[in-house]
*Asks:* 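Once you've had a glance at the structure underneath, I'll fire off some questions.
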Amino acid sequence: MRRSILMMAVFFACFLAVPALAAVPADWPKQLNFGVIPTESSDNVTGRYHGLARHLEKELGIPVKLQIATDYAGVITAMQFKHIDLAYFGPKSYVDAAQRANAEAFAMQLGPDGNKGYHSVIITQKASPIQNIEDTRGKVFAFTDPNSTSGTLVPKIYFVKELKIQPDQYFSKVIYAGNHEAATLALKAGKVDAASTNDLNLMRGNGKSWNTDQDFRILWQSALIPNSPMAFRKDIPESLKEAIKQAFTSFTDPETLKQLKAGGYAPVDDAAYDPIRDQIELEKQLQAG
């Protein structure tokens, strides 16, 4: 009798699973590959996005594989050659991906307070004698990744346009640390004298990798930058696009959002990043001049 009940339970479990499998459209991929730019170490990024990936699996009914590249360009290239279907980009890397990799923004990751923007900052050690940008002349400076908006593009425009200085000439040495966490840790360790990052990544590492108020002094803060987008390839099925949009904009799990240091996801379109295109064009003009 017990065996019969067990067999019936297995039968009904299999029977109930059939509609879920059948609900996945035939033109969807068997697996959704989700790329994420490396704003910090691979382990930290994977840990933060694990819950979101599992949410997508549940909502879409297909496996979701996280792929963390070693640099921003790697995520753009992966989408260009269709190795990923979906990605978390920075604003500048998204603009590049829209041009080169057929990327289409659909959701903006909100800040913890629901804000739609963040700031580039230039920081130094709290104990440093450096009090302002002028004091950094002849020092060692760290940008993040060449494709970073807040860690490279925005501060470079500030240096060249506003201060009329060329970083390679103004500082004794310029390095690219690779990501925001690496640049901030290089500063904390005394390997560089000043670094560029953003207020969002400072908050993400606060209390874990550093204590922002005790360890650093902010020398400069930019105007508001539009928050980073989620983008998929334009050529994936329309029904999958709509399902992904719905999965993101309906996501409210407080624990995962706490890990992400995010307030949720709001719909966004490509035009929201036109100001970044203007910044990139300005950078080109300044370099040419």
Side-chain angles (χ1 to χ4, degrees), residues 31-72 74-75 78 84-91 93-94 105-119 121 144-145 148-151 177-185 188 197-213 215-216 225-232 243-268:
Q31 173 178 283
L32 190 75
N33 294 316
F34 181 6
V36 180
I37 56 171
T39 55
E40 52 191 310
S41 70
S42 178
D43 287 345
N44 284 348
V45 175
T46 300
R48 286 199 298 110
Y49 279 88
H50 175 79
L52 180 59
R54 300 295 75 81
H55 167 74
L56 292 175
E57 285 186 337
K58 180 180 177 182
E59 293 297 309
L60 301 176
I62 57 176
V64 174
K65 181 181 180 182
L66 277 175
Q67 297 187 19
I68 316 301
T70 56
D71 57 24
Y72 287 40
V75 181
I84 59 173
D85 311 291
L86 164 73
Y88 170 69
F89 289 109
S93 54
Y94 164 68
F106 66 88
M108 171 186 284
Q109 183 168 298
L110 302 176
D113 297 327
N115 50 302
K116 295 185 177 181
Y118 65 112
H119 302 88
V121 293
T144 57
D145 183 283
S148 171
T149 309
S150 60
N179 60 55
H180 292 275
E181 182 184 47
T184 308
L185 289 175
K188 183 182 176 184
T197 181
N198 62 59
D199 51 3
L200 180 57
N201 278 283
L202 277 180
M203 179 193 64
R204 284 173 177 160
N206 189 34
K208 180 182 178 182
S209 300
W210 52 76
N211 185 307
T212 303
D213 292 337
D215 293 335
F216 307 119
I225 301 168
N227 275 349
S228 297
M230 293 289 177
F232 39 48
I244 293 173
K245 287 180 187 178
Q246 177 62 25
F248 271 93
T249 56
S250 65
F251 186 57
T252 58
D253 177 63
E255 283 305 312
T256 302
L257 289 175
K258 183 179 178 180
Q259 277 192 324
L260 290 165
K261 297 292 193 295
Y265 295 89
V268 78

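We count residues from 1, following the sequence as given.
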*Asks:* Any side-chain heavy atom of Tyr118 sitting closer than 4.5 Å to one from Asn201?
*Replies:*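 In short, these two side chains do not touch, never coming nearer than 4.5 Å.
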*Asks:* Have a look at His55 and tell me which of Tyr49, Tyr265, Phe251 forms a ring-ring contact (aromatic ring centres under 6.0 Å, His included) with it.
*Replies:*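 Running ring-ring contact (aromatic ring centres under 6.0 Å, His included) over Tyr49, Tyr265, Phe251 with His55 returns exactly one hit, Phe251.
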*Asks:* Any donor and acceptor pair, going by atom type alone, linking the side chain of Asn198 with main-chain N or O of Leu200 inside 3.5 Å?
*Replies:*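 Side chain of Asn198 to backbone of Leu200, a donor-acceptor pair under 3.5 Å: yes, one is there.
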*Asks:* With rounding to the nearest 0.5 angstrom, report the OG1 to CE distance, Thr249 to Met230.
*Replies:*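 Going from OG1 on Thr249 over to CE on Met230, the span is 12.5 Å.
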*Asks:* So which heavy atom on Gly47 is nearest to which on Gln259, and how close?
*Replies:*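 Nearest pair, atom of Gly47 first, then Gln259: O-OE1, 3.5 Å.
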*Asks:* Is there a side-chain contact (heavy atoms from CB on, under 4.5 Å) between Val268 and Asn227? Walk through the geometry before answering.
*Replies:* CA-CA 10 Å; Val268 78; Asn227 275 349; over 6 Å; no
*Asks:* What closest approach, in Å, do Ser93 and Gly90 show between heavy atoms, and which atom pair accounts for it?
*Replies:*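 What the structure gives for the nearest pair is OG-N, 2.8 Å.
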*Asks:* With a 4.5 Å cut-off on side-chain heavy atoms, are Pro38 and Tyr72 touching?
*Replies:*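 Yes. Closest side-chain heavy atoms under 4.5 Å.
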*Asks:* So Glu57 and Arg54, salt bridge (Lys or Arg N to Asp or Glu O under 4.0 Å) or not? Walk me through it.
*Replies:* CA-CA 5 Å; Glu57 285 186 337; Arg54 300 295 75 81; 2.9 Å; yes
*Asks:* Would Thr39 and His180 count as having a side-chain donor-acceptor pair, cut-off 3.5 Å?
*Replies:*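 On atom types as modelled, these side chains do not qualify, holding no pair under 3.5 Å.
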*Asks:* Under 3.5 Å, sequence neighbours excluded: what are the donor-acceptor pairs made by side chains of residues 58-71?
*Replies:*
{"from": "Gln67", "atom 1": "NE2", "to": "Asn33", "atom 2": "OD1", "distance (Å)": "3.4"}
{"from": "Asp71", "atom 1": "OD1", "to": "Ala73", "atom 2": "N", "distance (Å)": "3.4"}
{"from": "Asp71", "atom 1": "OD1", "to": "Gly74", "atom 2": "N", "distance (Å)": "2.8"}

*Asks:* Hey, what do you get for CG (Asp43) to CZ (Arg48), rounding to the nearest 0.5 Å?
*Replies:*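 Reported value, rounded in 0.5 Å steps: 12.5 Å.
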*Asks:* Please assess Thr184 against Phe216 for the test side-chain contact (heavy atoms from CB on, under 4.5 Å), listing each intermediate value before the final yes or no.
*Replies:* CA-CA 9 Å; Thr184 308; Phe216 307 119; 3.4 Å; yes
*Asks:* To check you understand the geometry: which heavy-atom pair defines the closest contact between Lys208 and Asn44, and what is its length?
*Replies:*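 Answer, listing the atom of Lys208 first, then Asn44: NZ-OD1, 3.2 Å.
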*Asks:* For the OG atom of Ser148 and the CG atom of Asn179, what is their distance to the nearest 0.5 Å?
*Replies:*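 Result: 9.5 Å between the selected atoms.
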*Asks:* Do you know which two heavy atoms are closest between Thr144 and Ala183, and how far apart they sit?
*Replies:*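 Scanning both residues completely, I find the closest heavy atoms to be CG2-CB, 3.9 Å.
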*Asks:* Would you indicate whether the side-chain heavy atoms of Ser41 and Glu181 approach each other to under 4.5 Å?
*Replies:*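 Yes, close enough: below the 4.5 Å cut-off.
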*Asks:* Are any non-hydrogen side-chain atoms of Ile37 and Asp145 less than 4.5 angstrom apart?
*Replies:*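 No, too far: nothing below the 4.5 Å cut-off.
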*Asks:* Hey, are the side chains of Ile244 and Asp85 touching, using non-hydrogen atoms and a 4.5 Å cut-off?
*Replies:*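 Ile244 does not reach Asp85 side chain to side chain.
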*Asks:* Determine the interplanar angle of the Phe248 and Phe34 rings, folded into 0 to 90°, and report it as parallel if under 30°, tilted if 30 to 60°, perpendicular if over 60°.
*Replies:*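 Because their plane-to-plane angle is over 60°, the rings of Phe248 and Phe34 count as perpendicular.
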*Asks:* Does any non-hydrogen side-chain atom of Thr197 lie less than 4.5 Å from one of Val121?
*Replies:*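 Yes - at least one pair of side-chain heavy atoms lies under 4.5 Å apart.
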*Asks:* To check you understand the geometry: which heavy-atom pair defines the closest contact between Gln109 and Ala262, and what is its length?
*Replies:*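 Residues Gln109 and Ala262, closest heavy atoms: CG-CB, 3.8 Å.
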*Asks:* Taking atom CG of Asn115 and atom CE of Met108, what is their separation to the nearest 0.5 Å?
*Replies:*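 If I round to the nearest 0.5 Å, the distance is 10.0 Å.
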*Asks:* What pairs with Ser209 under side chain to side chain donor-acceptor pair (under 3.5 Å), at least two apart in sequence or on another chain?
*Replies:*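 Applying side chain to side chain donor-acceptor pair (under 3.5 Å) to Ser209 gives none.
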*Asks:* With distance as the sole test, does Asn206 use its side chain to make a donor-acceptor pair with the main-chain N or O of Leu202 at under 3.5 Å?
*Replies:*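 Absent.
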*Asks:* Would you say Pro91 and Ile225 make side-chain contact, with heavy atoms under 4.5 Å?
*Replies:*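 A side-chain contact exists here, since the closest heavy-atom pair is under 4.5 Å.
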*Asks:* Under 6.0 Å from the NZ atom of Lys261, do we count more than 12 heavy atoms belonging to anything else shown?
*Replies:*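 Yes - once you tally the heavy atoms of other residues, nucleotides and ligands closer than 6.0 Å, there are more than 12.
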*Asks:* Less than 4.5 Å apart, any side-chain heavy atom of Tyr88 and any of Leu260?
*Replies:*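 Heavy-atom side-chain distance check fails, nothing below 4.5 Å.
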*Asks:* For a quick test of reading the model, state the closest non-hydrogen atom pair linking Ser228 to Phe89 and the distance between them.
*Replies:*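 That closest heavy-atom pairing would be CB-O, 3.0 Å.
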